[in-house]
Amino acid sequence: MTTHYFENTLSITSTQLAKLPLANHSILLFNAKTLELSDFNLPDCLSSFELSVINRRKSPQAKQEYLAARLLLKHLIKVTQPQHAHVALNKMSTEFDETSSKLQIHVGDDVINTCISHSHGLVGVALNFDKSEFGFDIEKVSLKRPFEKLAKHFYHNDEITLITKPTNTQAQADTFFRIWTLKESLAKATSRPIAKLLSPNVFDELNSAKLSASSNRVAVTDSSESNVCFDVSVVHKKSIDWRCFLLTDFVN
């Protein structure tokens, strides 16, 4: 049965950064579009490697997403690892490790696995201290994308049936993007290329991997003051409970 994958069981709580519970298995969400890049002295915030990356980003939104994700990861390091509380932001560096296919943050002699995701300005970050099988994904639920055409081209037949069964477009989109975020999350958790998880049935793959999945939707106000809906899924070991926090403010 696949019904439980479409139940919105993932905990997503809105909170201020100062009131964030100190838990290792936390995913922070933040609307990076609200950042003013001019408010930050980038050499103080980013390592030399990170500066070289952000300077190659062309669009302001890409720069906002990159900066927000790195600052949030570094904030998590400071609040969850007391020994690193006084490490300068520009002395921490995030770099992709080709061997493990993980984004890692380097703090002194410590190397910690991370997971990030972003979609249309909404960014999410998490630290994976125990290097367990874990991944999450964020995707904007868009009615304008040809999701039925995409599903028929890439998805498993059973998934296509689930998507096309509802008669209204919103329900079809919700199903398409839920399956998409589950596939992306599973790819990250198992370090597999997403291209190899598009055509297999994601529910069978989750069962075979003996991993749990939980999902939910979150609405974020955009610049036009209208709500934009995002689907968020998390794939993880069954013994670990991950929670999401939608931040209403940012790192000072």
Should [X] and [Y] count as an ion pair when the cut-off is N to O under 4.0 Å?
X	Y	value
K183	E159	yes
E148	K152	yes
E205	R192	yes
R145	E139	yes
D97	K102	no

Geometric class of the W180/Y155 ring pair [parallel <30°, tilted 30-60°, perpendicular >60°]: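 The arrangement is parallel - the two ring planes meet at less than 30°.
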
For the residue pair W242 and H25, does the interplanar ring angle fall in the parallel (under 30°), tilted (30 to 60°) or perpendicular (over 60°) class?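 Perpendicular: the ring planes of W242 and H25 meet at over 60°.
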
If you apply the rule salt bridge (Lys or Arg N to Asp or Glu O under 4.0 Å), what do you find for K188 with E133, and how did you get there? CA-CA 8 Å; K188 294 175 182 178; E133 290 179 297; over 6 Å; no

Between atom [atom1] of [X] and atom [atom2] of [Y], what is the distance when rounded to the nearest 0.5 Å?
X	Y	atom1	atom2	result
L35	L71	CG	CG	7.5 Å
N216	D231	CG	CG	8.0 Å
S212	K210	OG	NZ	12.0 Å
F154	I160	CZ	CD1	11.5 Å

Would R178 count as a cation-pi partner of F176, with NZ or CZ less than 6.0 Å from the six-membered ring centre and within 45° of the ring normal?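 Pair R178/F176 does not count as cation-pi.
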
What I want to check is whether the side chains of [X] and [Y] have a donor and an acceptor closer together than 3.5 Å.
X	Y	value
S233	D137	no
T164	Q172	no
S26	R243	no
D249	Q16	no

Is a side-chain N or O of [X] found less than 3.5 angstrom from the main chain of [Y], in a donor-acceptor match?
X	Y	answer
K78	L73	no
N207	F203	yes
T114	L127	no
S132	F134	no
K63	R57	yes
S119	L122	no

Test S214 against every option in L10, V235, N8 by the side-chain contact (heavy atoms from CB on, under 4.5 Å) rule and name the one that passes.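 By the side-chain contact (heavy atoms from CB on, under 4.5 Å) criterion, S214 pairs with just one of L10, V235, N8: L10.
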
Quick one: which of D158, I179, N157 gives a side-chain contact (heavy atoms from CB on, under 4.5 Å) with N201?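 Of D158, I179, N157, side-chain contact (heavy atoms from CB on, under 4.5 Å) with N201 is met by D158 alone.
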
Within the supplied structure, the quantity of interest is the number of heavy atoms (other residues, nucleotides, ligands) at a distance under 6.0 Å from H4 NE2; does it exceed 12?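 Counting neighbours around NE2 of H4, more than 12 heavy atoms of other residues, nucleotides or ligands fall under 6.0 Å, so yes.
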
Carefully, step by step, assess D110 and I77 under the rule side-chain contact (heavy atoms from CB on, under 4.5 Å). CA-CA 11 Å; D110 292 338; I77 290 287; over 6 Å; no

May I have the step-by-step check of side-chain contact (heavy atoms from CB on, under 4.5 Å) for L246 and F30, ending in yes or no? CA-CA 6 Å; L246 178 62; F30 179 72; over 6 Å; no

S47 vs M92, test: side-chain contact (heavy atoms from CB on, under 4.5 Å). Steps then yes/no. CA-CA 6 Å; S47 69; M92 306 183 198; over 6 Å; no

Give the intermediate values and the outcome of side-chain contact (heavy atoms from CB on, under 4.5 Å) for residues V107 and Q81. CA-CA 10 Å; V107 191; Q81 303 291 292; over 6 Å; no

